[in-house]
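Below is one structure, written out as structure tokens; comments come after it.
Both counts, for ligands and for their atoms, begin at 1 and track the order of listing.
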Amino acid sequence: MNDVQSAPAAPPTDLFDAVPTDVSIYEVGPRDGLQNEKAVLPTDRKLEFIEGVVAAGVRRVEITSFVDPRWIPALADHNEVARAVRRTADTQYSALVPNMRGLDGASRAGMREVAVFMAASETHNRKNINKSTDEALATYRVVVDEARARGMRVRGYVSCVYGCPYEGTVPLAQVDRVAQGLLDLGVYELSLGDTIGVGTPRQIEYVLRGLLAAGIGLDRLAVHFHDTRGTALANITVALQLGVKTIDSALGGLGGCPYAPGASGNVATEDVVYMLHGMGVRTGVDLDGLVAVSAKLGGYLGRELPSKYLKAHLGHCARVGKVV
Ligand code: HMG
Ligand code: MG
């Protein structure tokens, strides 16, 4: 045997070296989840939901959307929700806004953070916000400038990062263009959306590495997976291995996008938190507290929610005769 063959094998690289010790959960259920539920949750139940996840330790919540109620009827009570929610000082409450009218409504209702949203694909922008990509960026320039002038923080969503229901594959260059465009406007964080849940782990690695190589900092990136094809947790694992520190999720796995046919719920917050805690990652969230909220929410919506952790928990409670 020559030297090379007899040399001891290099120790395996630790797959989890870059996984952060602390991850921020960004709860989108009250907005992304409820916007696509058949049953419209009454305002007081929405408040119970929001206040419940905050009581369980979630520190970032998207509570509603100041969009046209004819487009998103389930969130027509945005004013009431934003005005009535009991806020805790250490929690960030955000709302989606598509234009100046939305921003004005949100700031009048007491919001200190808003989120603007657009897709990496041209057709999805036309279907979802009735604008071309360039028109959306131009609209948001005014919205973000004004929000920041009012002392508000602005988050940005890029949808259809891994595929568009109308255009299919979306080239990385288009994702990069929209991502850089939103960052240039002054959003503090970009949430990369797998709106229709088509992404798979290698694709996540490709896109995230591509954006990082293009100079976007890890601390500016969040991931937002819909679990349409069951790949969300695998995709999140890859994002964590690359060092991503913010994960969007919806309690119970609620959700979808009414303008993305076939889209289903966001990855469930309980499932993400369970996985993170099992990996030794801190979230500050109490899983029992969280699941107590989602168990009630399923009852209010009159359907079994898709969260795997919730199902296991309810099954366990039924077996041992424990009241949920
Ligand atoms: P438009 O028709 O082009 O708007 O819609 P417009 O400016 O021409 O105004 C038309 C009418 O809408 C006017 O009323 C406006 O006052 C009213 P009229 O004179 O006809 O009575 N209007 C509004 N009303 C209430 N609130 C507003 C507002 N703006 C205008 N803010 C618009 C453009 C963007 C408003 C419309 O397309 C819209 O509301 N779209 C909402 C789409 C949406 O919410 N989609 C779901 C969220 S995106 C998502 O889920 C993806 C994400 O989760 C990430 C991922 O999963 O990848 C974020
Ligand atoms: Mg979404």
(request) State which residues pass side-chain hydrogen bond (donor to acceptor under 3.5 Å, both in side chains) with E37; sequence neighbours excluded, sorted by chain then number. (result)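 Partners of E37 under the side-chain hydrogen bond (donor to acceptor under 3.5 Å, both in side chains) test: R303.
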For [X], is at least one N or O under 3.5 Å away from an N or O on ligand 1?
{"X": "K131", "value": "no"}
{"X": "F66", "value": "yes"}
{"X": "Q35", "value": "yes"}

(message) Yes or no: does V28 have any heavy atom under 4.0 Å from an atom of ligand 1?
(response)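 V28 does not count as a contact of ligand 1 under the 4.0 Å cut-off.
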With no hydrogens and no angle check, just 3.5 Å: does a side-chain donor-acceptor pair link [X] and [Y]?
{"X": "Y157", "Y": "E189", "value": "no"}
{"X": "D248", "Y": "S191", "value": "yes"}
{"X": "R31", "Y": "S65", "value": "no"}

Against heavy atoms of [X], which atoms of ligand 1 measure under 4.0 Å?
{"X": "G102", "answer": "31 (N)"}
{"X": "H226", "answer": "56 (O)"}
{"X": "P98", "answer": "31 (N), 34 (C)"}
{"X": "N130", "answer": "1 (P), 2 (O), 3 (O)"}
{"X": "I72", "answer": "43 (C), 44 (O), 45 (N), 46 (C)"}
{"X": "Y157", "answer": "54 (C), 58 (C)"}
{"X": "L96", "answer": "47 (C)"}

(request) Please say whether more than 12 non-hydrogen atoms of neighbouring residues, nucleotides or ligands are located less than 6.0 Å from NZ in K131. (result)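 Above 12, so yes.
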(request) With rounding to the nearest 0.5 Å, note down the distance linking CZ in F66 to OG1 in T64. (result)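 With rounding to 0.5 Å, CZ (F66) is 6.0 Å from OG1 (T64).
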(message) Let me confirm one number: the CZ-OH distance from R59 to Y93, rounded to the nearest 0.5 Å.
(response)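 Going from CZ on R59 over to OH on Y93, the span is 7.5 Å.
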Considering [options] one by one, which has a heavy atom nearer to [atom] than any of the others?
{"atom": "atom 57 (O) of ligand 1", "options": "I129, V67, T195", "value": "T195"}
{"atom": "atom 42 (C) of ligand 1", "options": "N128, V161, D248, L75", "value": "N128"}
{"atom": "atom 22 (N) of ligand 1", "options": "R126, H78, R101", "value": "R101"}

(request) Give a rough value, rounded to 10 degrees, for the angle at the Mg ion (ligand 2) between atoms NE2 of H224 and NE2 of H226. (result)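 Taking the Mg ion (ligand 2) as the apex, the two atoms subtend 90°.
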Which bit of [X] is near ligand 1, meaning a heavy atom under 4.0 Å away: side chain, backbone, both or neither?
{"X": "S159", "value": "both"}
{"X": "R31", "value": "side chain"}
{"X": "D32", "value": "side chain"}
{"X": "D68", "value": "both"}

(request) Look at D32 and state whether any of its N, O or S atoms is less than 2.8 Å from the Mg ion (ligand 2). (result)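 True for D32.
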(request) Before accepting this row, confirm whether a basic side-chain N of the pair D271/K308 lies closer than 4.0 Å to the acidic partner's carboxylate O. (result) no
(request) Would you confirm whether N266, through its side chain, and H226, through its main-chain N or O, come within 3.5 Å as a donor-acceptor pair? (result) no
(request) Kindly state each residue pair satisfying side-chain hydrogen bond (donor to acceptor under 3.5 Å, both in side chains) with at least one member in residues 309-319, sequence neighbours excluded. (result) E304-K311
(message) If you compare all heavy atoms of T231 against all heavy atoms of G197, which two are closest, and at what distance to 0.1 Å?
(response) OG1-O, 4.5 Å
(message) For Y26, does the six-membered ring have the charged nitrogen or CZ of R155 within the cation-pi criterion, i.e. under 6.0 angstrom from the centroid and within 45° of the normal?
(response) yes
